[in-house]
Each structure stands twice: as C-alpha cells, then as structure tokens.
Enquirer: 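Can you read through this structure? Questions will come right after.
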Amino acid sequence: MIEYARPRWQAPNSEADNRVGCRITELGLRREAHGRTVSSHAGRRDAPQPGRFRKDIEGLRAVAVVLVVLDHLVSWPRAGFVGVDVFFVISGFLITGLLLNESEGRGRISIRSFYARRARRILPAALTVLLVVAVAAHLVFRGARVKDTVTDVWWSLGFSANVHFANIGTDYFQANRPPSMVQHFWSLAVEEQFYLVWPVVMLIVLTLIGRRLSSAAGRSVLLAVVGAGTVASYVWALQQTAQFPAAAYFSTPVRAWELGAGALVAVASARFPGIPHSLGRARGPLSALGVAGIVVSSFIVNANSGFPAPGATLPVVGAALVIVAGIGAPLQNWTAPLTNLVSTYIGRVSFSLYLWHWPVIIIVGALIPKSTAVYYPVILTAVVALTVFSHHFIESPLRTANFRIIVPLCRSGGRRPNGSRRTFSPAHPYAALASGALAVAVLILYTLQPPPPVPASTEGGADSPPIAASQADANVAQPSPALSQAIALAADATSWPTLDPSLDHLDTNSAFAQWKGCRGATEASLSGCTFGDPRNTEKVAVVLGDSFAMAWMPTIRAALVPQHWVVYGLLMEQCPAAFVSVLDGQRRPKFQSDCDRHHAWMIAETARLNPRLVILASNFAFGRLASKASGGAAVAEYQAGMEKTISAVKAPGKPRVLTLSPPPGSPSLESCATAVAQPPSCLGKLSGGWLGLRALDAAAATATATDYADTHLWFCTAKGVCPSFVGSTPVRWDGAHLTSAYASSLGPEMASFIAKVMR
C-alpha cells in the first residue's frame, strides 16, 4: 500500500551499538532537515504540486480502503479489490512528486534518504501486524496452517509476498488452502519492488541528464521515460493477463503501469504546470467523474474482465482524474465528499486499516461462526480499535517522532539532557484506549461461550435433504457394519482424537508424496502411475479422471493389486473424465488444449492396454466449461461428455466400466480445527451440487449400460452428515481430496463392490 508509516530507530543497548545507532540517527536528522528544504520550495509555481498536502487525496484513500474492506468482509461490491489499484495510482503520484521536489530543492535525489523515509513510513505498522499474526496463528490455529502462516510472514518480511502468493495461486492444490492472514501484503511487496527501480531511474534522468539540460528539458525526458515505461507495462500486462492471469495478478512488472499512471500525472503536472491551473470549473465534474469511475468499476469488473489489464483501466483512470482535478486548486465545494472530516480521517488511517482488517476477519471467522449475531459487530469493533490504536500509537508517533534527543543521549552515555521534550506524543489516546478496551471485552465475553455445533459444507450449492439408508438403490455402495459404526461415532464426537496422520502432515507435500507420478500421466511417464506387475495382461484396470481420481488411487490399489491386478492411472489434474473442453482453476490458456489432447490420449491408451476394468472418477464445476454454457445447456454438455468417454473406452474390448462418485466434501481441517473448535464445527453434509453431479453421472452410466458407485455412505451417515475424521484418521486433507491413509483403509470396501460389478 502507499507511503505511510516511518519506523523509529530503536535505542542501542551496547556501547558498540550506541555508535551505530547514533550514526543512523544522525543520517535520519540530516534527512529530516532536507525534508524541510524540500517543503520550502513546494509553493513555487514551477515546483511539482504533489508536494503539497491534499485533503482530496486523503478522501480518495478512504474510498479505496472502504471498497477493499467491504469486499473482504461482505463480498460486496464484488470487485471492491479495485481499491488496491487506486492506492497504486496515489502512491505513484505522491512518491514521484516528492522525489521531484527533492530534486528541485537540493539539485539531486538522495537514494539513501529515500529508502530511510520509506522505512520510517512502512515498517512500524507492518512489522507490528506481522508479529501479531505470527503469534495469533500459534494461538488460534493448529497443524499445517500454523506452519503455512509463519512461512507467509517470512515472505512478507522480505517484501516478496506477491511472488509467494503467485506461486501458490498457480498451484492447483496450494490454491485450495485456507486464505493466509497476510495475503494482502502482496500489494505492499509490489510497491516496494517498484521503488527499488523507480528512484534510480529518476536519479539518472534528473541528476545525470539534468546537469546538461535545462530543468524543463530534464522533465521532458523524464516524462518520455515515464510514458514509455507505463505503456510498455500496460502492454505486458495485457499479454500476461491473457496467458497467465493468476500469476499476472501479483506481478510487479504487470502492475507497474498503475503506479506509472500516478507518476505520469506528477511529472506531467510539473512539466506543464499551466494545464492543471487552466481547468477552472471543469475540476468538479472531472473529480466526480473519477470517483464515479472507481465506484462503477467495483461493481462491473468480474473474472472475465481480464485483471489487472484491461480490467483495472477504469479505476486507474478514475483515480488519475481525481488527482488531476485537485492539482493547484484550493478546496472548493465539489471536494466535500472527499474532504469532509470522516473521509479524511478514514484516509489518514487507511494504511493501518488495510493492514489490520484482513487478519481480524480471518481470526474472528475461525473463532465465531458467521451465522451468529455477534460475528460482524466483533469484527468491526476489533478492526476499528486496532486501526485507531495502530495509527495513533505506532504509525503516526514513529513517523513524526523527534529523534534529535537520541544523538545527545548517545554522546552523553545515555543521560537525558534537562529540558528535552518527549520523543513523541500520541494523538487521541483516550479514543484509542476506549476502542481497544471495547474490542477486548467483546472478544473475552464471547470466548466464554462454547462454539455452537453448526455443520458446514465447502462444496457450495443448496442444502440437500437427508438421505436415508432405506432409500438406497443398487448404485449405492453399502459400507461394512464396522465402517458404518465408525462414521456414526465420528459424526457424534465432541472431542478430538489423536489424529494419524496429524494436522501437521495434512498439506500439499503429503498429497504429492502419495500421488507421485500420477499428477499428469503421459506415455513417457506412465510407469510412474502403474501399480502391480505390468507383465500381467489378464487382469488390467485403467483409471481415468482428475485429481479426485488420483485421491482414489490408494483405494483402488489396495482393492486390486493384492488380487494380482495391474492398475494404470491415465490421470491429469483438473482434467475430468468427461470428454469436454474445460478451463483450469488458474485460467491458463494452454490448459484447454492440453486437456483435450489428454482426453484423446487416454482413450487411445485405454484401447492399447485392453483392460478388463475401466474406472472413471472426477469432480466437476460447470463454470469451467470452455463453451461458457450455463443452466440446462451446461448439464447436457457435461452428460454428453461422460457418455462419450464411457462409450469410447467400452467399445474396443467390451470391458466393464465403473464410474465412482466423488467423495462428499467437508470443511478443511486446516480451517475449522482451531484452538477452540470441536469436531461438530468440522462436520460436512451432502450438498445440492454433489447430488446434482451424482444424478448426471448415474444417468450417463445408465445410458451406456455401465455401472455406477454412489460412495457417500463410505464417508457420511445415512442422514447425510459427513465427519472430517473416522476413527483417528482424517478423511480429507483439504476438505475435498482424500488422505492417503483413509483412502487406503477403504480398500476392502472397494474390493467388495468391484467383485459385485465383475460378476
């Protein structure tokens, strides 16, 4: 986020550290002295206007941060995340203007002073939030989520969170993990990476070139550089958004054009100061148009808009218009929506508000069910309290602290001179303390109550009616009495057993270890997903499908390999068994053609292997259809795709074909197994989406005269309640895919059902 809090250098503890601390402080004092020199030039007509304080920009910050918070808290407006793009424009404008003022006032740009100012502005609040998040993760969460959070914090400390979350976002299995408490730090990382380059570029243009050219000529060169860089970044953003949208979202080069847009306004207003002054009565409509563009974009941008390019164009242009409208103009009536006390205060505390709101939402969401009446009041109270406290006691005091006192203290061996004033004095302490006390009181009162046992489902769709065992048809795989009893006991459990594998081992690495070479089988790598003796050509089974089929592989292996079958997995993650063209969750453009080729290969390979048994298993989200079909058309396309696959693999050797239902989902243990949650909080239930997919797969099996296995009773009670563990074994490692341990335990159940099918 944009330039905000500056850190306070800590007092040294040893004599050696005293010298280092004093040296750092003396540099800081010289920096502040330079800052006053800069300010003295801000009033000149040819000085860049970004140097003066702008209440309307504070209000623009308020608009941006409110959009982001609303989006994260209530998912409205649907594209409230465009507020981050507004922040990028503001940051590019202000930072570039300050650097121009420094160059004008001192004749050069001090890179060291710039980074010292950035540190003072950013680190105190950011480090405080990261520290609290690391501690809260250990107090609230359990298992792998604690480890993941600490890893995220380390990446954020290195201003590399965007790189880290881009890697997660392009990894199918990592992308399904619970949201990180510091995921919003990606925008801070983008800014700091941008500012590793931008001040150096300005230094080269204004200092080196400017010595040989007039000030106007130097600014013209800088304007050309900024314009060219912004256009180049925008073109790159268009290309990367189309090809790698998940990675492009977090990419600094892709986002640079948004900061460049603000920098372009700053440089242009410095190069041509007469233009902003000539706007006259057009300022009001221009500002209103800019704000309207930002607000409208928060409602109309969607997944198909191509984000950040061209999807972010409207909010970026809107922010630029608001900034241009206020350059060189005194406050007027048209600025009231942005310059009133409420807007300017929210804008002033927007950095702290941005940093704190997301961790609070995640933590409170883990402790309090969203359906309860106190969910939103607790979040709002905690966010307001932490924001006010952070801004007035950490961010603002350390940004404006008088560090002159430290130099005499260093030189006098730590003795405070008589009459020296306080290092800092926080503003509004009573408001901050009252807000903090209220938040703590609400949280303590609520935690005294036991969490209600509210079953949840992670699959989406409408709630489904209970399914009684007496209603089961021949397609329903009946569990053994021992398994049925174990599932019933787990559904009624009120305390956690000692899970094996433990929560610490429920992560992506464990999934990769169990699936090994099955993630994307090809002719060259098929041996990595082959189980049993390949020399056995009499009892051959082939498994087709996506990652859900991969998760079934331990079950199928345990059922068939001991009976001297050889099992081949012709699998590709996110590529369903149904012969339909689909997009992947990361919207990679090459995935559609890769999956289409895989479909053709798996059918040809099945014919070559000449199996006695073909097993189809996958899950499906209809929004992934490349055809963009919806409603009845999407249902018909999917069912036709299933029938096409079944008919194609059945035709050559007339093998038996068995379609498995996907396991019903439940809340991810990483999310729901918190320090205060009990097993009822992690119960799932059959959803309308699961029932609909079951009906389509069963209909395709009926139409092709093949077999279908409804496996829900291997995971859920007869009433449709699905526990997250059975016995001491976690059922799913991410709320959807089976753990290897539980999948293997179902081997006897699968063997019994397959034996019935093969008769």
Enquirer: Does a side-chain heavy-atom distance below 4.5 Å link Gln592 with Leu583?
Expert: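 In contact.
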
Enquirer: Quick one: does any side-chain atom of His599 pair with a main-chain N or O of Ala578 as donor and acceptor, under 3.5 Å?
Expert: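 Side chain of His599 to backbone of Ala578, a donor-acceptor pair under 3.5 Å: yes, one is there.
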
Enquirer: If we only count heavy atoms from C-beta on, is the Val476 to His712 side-chain gap below 4.5 Å?
Expert: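 When only atoms from C-beta onward are counted, His712 and Val476 do touch, with a gap below 4.5 Å.
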
Enquirer: Any idea how His357 and His184 line up, ring-wise: parallel (<30°), tilted (30 to 60°), or perpendicular (>60°)?
Expert: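 The arrangement is perpendicular - the two ring planes meet at more than 60°.
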
Enquirer: Check Glu749 against Ser480 and note the closest heavy-atom contact, atom names and distance.
Expert: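 Between these two residues, the closest heavy atoms are OE2-OG, 2.8 Å.
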
Enquirer: Quick check: does any side chain N or O of Trp496 sit under 3.5 Å from a backbone N or O of Ala677, one acting as donor and the other as acceptor?
Expert: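 Pair found, side chain donor or acceptor close to backbone of Ala677.
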
Enquirer: Check this for me: Gln563, atom CD, are more than 12 non-hydrogen atoms of other residues, nucleotides or ligands nearer than 6.0 Å?
Expert: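 Buried by this count: over 12 neighbours within 6.0 Å.
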
Enquirer: Arg78 side chain to Ser298 main-chain N or O, any donor-acceptor pair under 3.5 Å?
Expert: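 No, the answer is negative, given that no donor and acceptor are paired below the 3.5 Å cut-off.
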
Enquirer: Under the 3.5 angstrom rule, does the side chain of Asp546 hit a backbone N or O of Asn619 as a donor-acceptor pair?
Expert: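 Pair found, side chain donor or acceptor close to backbone of Asn619.
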
Enquirer: For side-chain contact (heavy atoms from CB on, under 4.5 Å), just list the numbers for Cys595 and Arg624, CA-CA rounded to whole Å, side-chain angles, deciding distance to a tenth of an Å, and then say yes or no.
Expert: CA-CA 12 Å; Cys595 183; Arg624 292 177 53 208; over 6 Å; no

Enquirer: Does a donor on one side chain sit under 3.5 Å from an acceptor on the other, for Ser180 and Asp152?
Expert: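 Yes, a side-chain donor-acceptor pair sits under 3.5 Å.
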
Enquirer: Could you tell me the separation between the OG atom of Ser630 and the CD atom of Glu637, rounded to the nearest 0.5 Å?
Expert: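 One finds 10.5 Å between OG of Ser630 and CD of Glu637.
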
Enquirer: Any side-chain to backbone donor/acceptor pair from Trp714 onto Pro663? Under 3.5 Å, distance only.
Expert: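 No; judged by distance alone, with no hydrogens or angles, the pair does not exist.
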
Enquirer: Please confirm whether the backbone N or O of Phe579 pairs with a side-chain atom of Thr645, one donor and one acceptor, at under 3.5 Å?
Expert: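 Yes; at least one donor-acceptor contact below 3.5 Å.
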
Enquirer: Any side-chain heavy atom of Ile615 sitting closer than 4.5 Å to one from Trp552?
Expert: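 No - every pair of side-chain heavy atoms lies 4.5 Å or more apart.
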
Enquirer: Between Arg656 and Asp707, does any side-chain N to carboxylate O distance fall below 4.0 Å?
Expert: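 Yes.
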
Enquirer: Should the ring pair Phe250 and Trp186 be called parallel, tilted or perpendicular, given that the plane angle runs from 0 to 90° and is split at 30 and 60?
Expert: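 Phe250 and Trp186: perpendicular rings.
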
Enquirer: Enter the distance from Leu660:CG to Leu616:CG here, rounded to the nearest 0.5 Å.
Expert: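 Separation between the atoms: 8.5 Å.
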
Enquirer: Evaluate the side-chain contact (heavy atoms from CB on, under 4.5 Å) criterion for residues Leu693 and Tyr638: first the C-alpha distance (whole Å), next the side-chain angles of each, then the deciding distance (0.1 Å), finally the verdict.
Expert: CA-CA 10 Å; Leu693 187 62; Tyr638 173 79; 3.6 Å; yes

Enquirer: With rounding to the nearest 0.5 angstrom, report the CG to OG1 distance, Asp697 to Thr659.
Expert: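 OG1 of Thr659 is found 6.0 Å from CG of Asp697.
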
Enquirer: Hydrogens and angles aside, do Thr704 and Ser647 bring a side-chain donor and acceptor to less than 3.5 Å of each other?
Expert: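 No - no donor-acceptor pair under 3.5 Å links their side chains.
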
Enquirer: Counting N and O atoms only, with roles assigned by atom type, does the side chain of Ser305 sit under 3.5 Å from a partner on the main chain of Asn302, one being a donor and the other an acceptor?
Expert: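 Looks like yes, one N/O pair under 3.5 Å.
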
Enquirer: Within a strict 4.5 Å, meaning less than it, do heavy atoms of the Ile362 and Gln183 side chains meet?
Expert: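 SC-SC contact between Ile362 and Gln183 ruled out.
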
Enquirer: Assess the residue pair Leu571 and Cys529 against the criterion (side-chain contact (heavy atoms from CB on, under 4.5 Å)); give the C-alpha distance rounded to whole Å, side-chain angles, the decisive distance to 0.1 Å, and a yes or no.
Expert: CA-CA 9 Å; Leu571 311 171; Cys529 200; 4.2 Å; yes

Enquirer: Minimum heavy-atom separation for Ala751 and Ala559, please, with both atom names.
Expert: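 Heavy atoms only, the tightest pair is N-CB, 3.5 Å.
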
Enquirer: Quick check: closest heavy atoms across Val580 and Pro576, and the distance to 0.1 Å?
Expert: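 Reported closest heavy-atom pair: CG2-CG, 4.3 Å.
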
Enquirer: CD/Glu643 to OG1/Thr702 distance, rounded to the nearest 0.5 angstrom?
Expert: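 The distance works out to 9.5 Å.
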
Enquirer: Would you say the side chains of Thr151 and Asp148 form a donor-acceptor pair under 3.5 Å?
Expert: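 The criterion, which ignores hydrogens and geometry beyond distance, is not satisfied for Asp148 and Thr151.
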
Enquirer: Roughly how far, to the nearest 0.5 Å, is the CG atom of Leu367 from the OH atom of Tyr375?
Expert: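 CG of Leu367 is found 10.5 Å from OH of Tyr375.
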
Enquirer: Is there a donor-acceptor contact under 3.5 Å from the side chain of Ser547 to the main chain of Gln574?
Expert: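 Absent.
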
Enquirer: Checking the side chain of Thr606 only, and the main-chain atoms of Met602 only, is there a donor and an acceptor separated by less than 3.5 Å?
Expert: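 Indeed, once roles are kept as given, a pair shorter than 3.5 Å links the two residues.
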
Enquirer: Please check: side-chain N/O of Arg145 versus main-chain N/O of Ala137, any donor-acceptor pairing under 3.5 Å?
Expert: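 Not confirmed, Arg145 side chain does not pair with Ala137 backbone.
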
Enquirer: Between Ile487 and Leu713, what is the shortest heavy-atom contact and its length?
Expert: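 Smallest heavy-atom distance, with atoms named: CD1-O, 3.4 Å.
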
Enquirer: Of the non-hydrogen atoms in Asp504 and Gly143, which two are nearest, and what is the gap between them?
Expert: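 Minimum heavy-atom contact is OD1-CA, 2.9 Å.
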
Enquirer: Drop me the distance from Arg694's CZ to Ser661's OG, to the nearest 0.5 angstrom.
Expert: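 OG of Ser661 is found 8.5 Å from CZ of Arg694.
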
Enquirer: Within the 4.5 Å heavy-atom criterion, are Lys370 and Tyr376 side-chain neighbours or not?
Expert: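 Lys370 vs Tyr376: side chains touch.
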
Enquirer: Do the side chains of Ile368 and Ile379 get nearer than 4.5 Å, heavy atoms only?
Expert: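 Heavy-atom side-chain distance check fails, nothing below 4.5 Å.
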
Enquirer: Quick one: does Ser728's side chain get under 4.5 Å of Thr498's, heavy atoms only?
Expert: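 No - every pair of side-chain heavy atoms lies 4.5 Å or more apart.
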
Enquirer: Stepwise, does the side-chain contact (heavy atoms from CB on, under 4.5 Å) test hold for Leu73 with Leu380?
Expert: CA-CA 9 Å; Leu73 184 59; Leu380 293 175; 3.8 Å; yes

Enquirer: Is there a side-chain contact between Phe620 and Val582 in this structure, where contact means two heavy atoms from C-beta onward sitting under 4.5 Å apart?
Expert: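 Result yes, sub-4.5 Å side-chain heavy-atom pair found.
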
Enquirer: Between Tyr742 and Phe715, what is the ring plane arrangement, given parallel below 30°, perpendicular above 60°, and tilted in between?
Expert: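 Because their plane-to-plane angle lies in the 30° to 60° range, the rings of Tyr742 and Phe715 count as tilted.
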
Enquirer: Tell me the closest heavy-atom pair linking Gln639 and Ala699, and the distance in Å.
Expert: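 The answer is NE2-CB, 3.6 Å.
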
